[in-house]
Amino acid sequence: MNRAILLVSHGNLASTMKESVELIAGIQKKLFALNMNDQVTLDSFSRELESAVNQLLDRYKEIIILADIKGGTPCNAATLQVLKNSRVQVIAGFHLGLVIESCLSPVSPKELLDNTSRSICYINSTG
């Protein structure tokens, strides 16, 4: 599986999520994080993300960008990368299970979502 996983988020969520994944699953050499602080605009974050994506595309066949929330600046910047390169795919709304599965499983992004969406449940539910 020659693909990189790039986490993008508001604040330090991306780098903190990477740390949490590595606490559970060990060092992940294909997992990267890019944080966006409160002084960054869509344009400046888009440039920073484009640079990171280009560097990763030199080493990996494809990149899956996992963004924290749909419609947020990190996700919008990631969407611009999809328009520029078909080797980039984006999933919005990451959580720990999804990131771990992305690192350990070679399945498609759609299959990642199918597999990990079943892990989200209301525990108090009886049905």
Excluding sequence neighbours, so at least two apart, what forms salt bridge (charged side-chain N to carboxylate O under 4.0 Å, His left out) with Glu50?
Lys84
Could you tell me which non-hydrogen atom of Phe94 sits nearest to which non-hydrogen atom of Ala14, and how far apart they are?
CZ-CA, 4.4 Å
Once you round to the nearest 0.5 Å, how far does CG of Asn85 lie from CD of Glu62?
11.0 Å
To the nearest 0.5 Å, what is the distance between CG (Leu112) and CD (Glu101)?
6.0 Å
Ile69, Phe45: one ILVMFWY side-chain cluster at the under-4.5 Å cut-off?
no
Asp43/Arg47 under salt bridge (Lys or Arg N to Asp or Glu O under 4.0 Å): CA gap, chis, key distance, verdict:
CA-CA 6 Å; Asp43 288 339; Arg47 285 190 300 274; 5.2 Å; no
Indicate whether any N or O donor in one side chain lies under 3.5 Å from an N or O acceptor in the other, for Ser44 and Thr41.
yes
What's the spacing between Ser20 OG and Leu96 CG if we round to 0.5 Å?
6.0 Å
CD (Gln81) and CG (Leu49) are apart, to the nearest 0.5 Å, by 5.0 Å
Can you tell me if Gln39 uses its side chain to pair, donor with acceptor, with the backbone of Asn37 under 3.5 Å?
no
Among all residues two or more places apart in sequence or in another chain, which pass the salt bridge (charged side-chain N to carboxylate O under 4.0 Å, His left out) test with Lys70?
none
Quick check: is Ile24 connected to Val21 through a chain of hydrophobic side chains (ILVMFWY, heavy atoms under 4.5 Å apart)?
yes
Is any side-chain heavy atom of Val8 closer than 4.5 Å to a side-chain heavy atom of Leu66?
no
Find out if a path of hydrophobic residues (ILVMFWY) with successive side-chain heavy-atom gaps under 4.5 Å connects Phe32 to Leu80.
no
Please give me the minimum heavy-atom distance between Pro109 and Gln89, naming the atom from each residue.
CG-OE1, 3.0 Å
If you group Ile, Leu, Val, Met, Phe, Trp and Tyr by side-chain heavy-atom gaps below 4.5 Å, do Leu104 and Met17 land in one group?
yes
Is there a side-chain contact between Ile63 and Arg3 (heavy atoms, below 4.5 Å)?
no
Look at the side chain of Thr116 and the backbone N and O of Leu98, then say whether any donor-acceptor pair between them is shorter than 3.5 Å.
no
Is there a donor-acceptor pair under 3.5 Å between the side chain of Asn76 and the backbone N or O of Gly71?
yes
Share the residues that join Leu42 in a hydrophobic cluster, the rule being Ile, Leu, Val, Met, Phe, Trp or Tyr side chains under 4.5 Å apart at the heavy-atom level.
none
From Ile5 CD1 over to Tyr60 OH, what is the distance, rounded to the nearest 0.5 angstrom?
10.0 Å
Give a yes or no answer on whether the side chain of Glu111 reaches the backbone of Ser108 with a donor-acceptor pair at less than 3.5 Å.
yes
Return the CG to CZ distance between Asn2 and Arg59, rounded to the nearest 0.5 Å.
10.0 Å
Out of Asn35, Thr73, Leu13, which one pairs with Asp68 under the side-chain contact (heavy atoms from CB on, under 4.5 Å) rule?
Leu13
Please examine the side chains of Leu6 and Ile64, heavy atoms only from C-beta on, and report whether any two atoms are closer than 4.5 Å.
no
Is the closest side-chain heavy-atom distance between His10 and Pro74 below 4.5 Å?
yes
Ser51 versus Glu48, side-chain donor and acceptor atoms under 3.5 Å
no
Run through Ile91, Val82, Val53 and flag the one making a side-chain contact (heavy atoms from CB on, under 4.5 Å) with Ile65.
Val53
